[in-house]
Amino acid sequence: MEEKIRELAIKNAEKYGKAQVKAVLGMFLSQNKEYREKVNEIKPIVEKIVEEVNKSFKGKKRGRELELPEVEDKVILRFAPNPSGPLHIGHARVAVLNDYFAKKYGGKFILRFEDTDPKRVLSEAYDMIREDLDWLNVKVDEEVIQSDRLKIYYKHGEELIKMGKAYVCECPPEGFRELRNKGIACPCRDREVEENLELWEKMLNGELENVVVRLKTDIKHKNPSIRDFPIFRVEKEKHPRVEAFVYPLMNLSVAVDDHLLEITHVLRGKDHLVNTEKQKYIYRYFNWEMPKFIHYGILKIEDTVLSTSKIYEGIKEGIYEGWDDVRLGTLRALRRRGIKPEAIYRIMLDIGIKQADITFSWKNLYAINKELIDKEAKRFFFVWNPVKMLVEGSEEREVKIRLHPEVDYGYRVLKFKGSAYVVRDEMEEGRFYRLMELFNVVVEEVGDIVKAKYHSDDFKEARKNKAKIIHWIPTEETKRVKVLMPDGEVKEGLAEINFNPEVGEIIQFERFGFCRVDDVGDVITCCYAHR
């Protein structure tokens with residue numbers, strides 16, 4: 001019921017910018033007439049779900065209404081991931097928004113690998129990121145790899161030194177930090193340009209260690225982190241693509257590239273406000289025109305693992321089976337579970353570039369995904385933690401069940417011959433049950449085998465006796481199945497004999513959820529998507 005209400009609320013919000021309780025309630029009751037007598041119980045549920053959905057929309061229609069400020073003749077945007085692993089759901093926001101605006105304004109989308117920290121570079125991540133963007137339907141017009149551009153950064157670093165705007169600092173980090181926090185310049189700051197250039201040359205040749213190049217800013221700036229921040233450092237770690245001793249830090253390389261690549265708009269989270277302030281110094285020193293900076297609210301993503309470093313360590317230690325382990329928040333994991341790229345794209349446009357912080361709603365993503373996969377997913381019965389039920393007084397019979405309630409995919413046939421497998425955890429002595437599409441029973445004994453007595457065929461009797469409706473599997477014809485759950489649990493059980501899927505197919509196990517088929521060996525492996 002709640003899933004249906006959420007789907008209607010999202011559709012209403014997408015159409016009008018904000019879901020209305022009255023409209024959603026009316027649509028739900030018109031489609032589910034059996035709930036009309038419970039309208040007073042249903043309304044508070046509708047109100048709660050509408051409130052949750054509206055938090056994602058904030059009064060705006062879906063992404064098609066998003067606009068970039070100050071658009072002139074051209075629009076050039078960039079997505080700049082660090083190749084420390086594949087993309088996760090958090091990366092999808094900035095990738096989607098930049099792609100959307102580039103397409104909307106007929107502009108250019110640049111993929112820029114920010115790989116100037118050798119400690120955070122994984123050689124296989126470059127291709128994984130390219131593949132993730134392709135799956136997400138993000139169109140890359142140009143690709144730039146920062147490690148190919150070290151000489152460009154060196155040139156600009158040297159210019160800043162010659163301008164007297166940067167200097168080589170040999171102070172121990174702790175000593176510099178102590179002076180910086182007091183607003184006192186370090187002894188290196190007043191060094192002559194010629195001496196700085198000599199030290200700079202030694203850095204490039206690998207003759208110096210534990211030194212950095214600092215940009216001269218306001219040594220009394222209210223934010224200590226902005227006071228003479230570093231723009232180059234010596235790095236011993238070997239880079240998988242290049243050989244070098246000196247690497248630029250992010251604020252230098254980003255500012256140089258954004259200028260040289262003629263980026264017009266920079267979309268970034270509010271957590272980058274300080275970096276924007278730092279980069280402004282570089283723009284001013286070189287007398288460059290700045291792009292338009294758009295800082296949106298933080299997207300809080302809970303209940304999943306996103307850190308590529310932690311995931312990588314987990315893979316090496318055998319905690320995760322790979323980057324697509326269903327417990328993870330990577331796009332590869334979501335893809336493996338059966339989440340469509342269109343669903344991710346749509347929800348990121350729904351979130352948009354609002355300045356308010358927001359908690360990512362997995363329920364909303366699943367509701368959008370369900371809308372996309374529902375009509376293609378054939379239905380089957382799956383019994384996890386199965387137990388055999390013997391039904392006294394029943395006749396053998398054959399039931400014909402549609403493979404989809406709305407789409408004509410044909411039928412499947414189940415043959416009942418006196419016993420069936422059911423979910424052990426659902427069994428209670430003395431309770432009335434309706435075996436879906438079959439008949440009604442009363443459970444008399446629960447043990448290693450469940451003993452039940454046939455009651456009636458009529459569904460009205462099930463409703464009259466408040467029967468729990470359950471699915472079942474004929475004991476003579478089964479398929480072994482295991483389902484990998486996002487929380488790490490593995491549901492093992494049996495599916496009906498008609499379950500003959502292909503790898504990659506998305507199906508629905510009735511009363512359980514949507515799953516994507518992962519392997520079709522002796523035991524069919526599925527990955528759980530959502531309800």
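What you are looking at is a predicted structure, and each value in this text was computed from that prediction instead of being measured.
Looking at E321 and R336, a side-chain N of the basic residue comes within less than 4.0 Å of a carboxylate O on the acidic one, giving a salt bridge. Of the charged side-chain nitrogens involved, at least one lies within less than 4.0 Å of a carboxylate oxygen, so that E52 and K48 count as a salt-bridged pair. Looking at K162 and E158, a side-chain N of the basic residue comes within less than 4.0 Å of a carboxylate O on the acidic one, giving a salt bridge. Under 4.0 Å is where a charged nitrogen must lie from a carboxylate oxygen, and between D132 and R335 no such pair does. Of the charged side-chain nitrogens involved, at least one lies within less than 4.0 Å of a carboxylate oxygen, so that E178 and K182 count as a salt-bridged pair. With respect to the salt-bridge test (charged N to carboxylate O, under 4.0 angstrom), the residues D99 and K103 qualify. Using a 4.0 Å cut-off between a side-chain N of Lys or Arg and a carboxylate O of Asp or Glu, E2 and R6 do not qualify as a salt bridge.
In this structure, F229 and Y281 have perpendicular ring planes: the angle between them is above 60°, well past the 30° mark. Note: W362 and Y366 have tilted aromatic rings, judged against thresholds of 30 and 60 degrees for the angle between ring planes. Relative ring orientation between W200 and F232 is described as perpendicular, the plane-to-plane angle rising above 60° on a 0-90° scale split at 30° and 60°. Ring pair F79/H91 is perpendicular by interplanar angle, where above 60° counts as perpendicular and below 30° as parallel.
With R332 contributing its side chain and M128 its backbone, the two residues share a donor-acceptor pair below 3.5 Å.
Shown here for F286 and M163, the closest heavy-atom pair between the two residues is CE2-SD, 4.2 Å. Here the shortest heavy-atom pairing between S307 and S309 reads OG-OG, 3.0 Å. Minimum heavy-atom separation, A166 to N196: O-ND2, 4.2 Å.
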Derivation of the side-chain contact (heavy atoms from CB on, under 4.5 Å) call for L349 and L97:
CA-CA 7 Å; L349 292 186; L97 290 171; 4.2 Å; yes
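Under 3.5 Å, the side chains of Q146 and D115 contain no donor-acceptor pair of N or O atoms.
For Y247 and Y153, the distance between ring centers is not under 6.0 angstrom.
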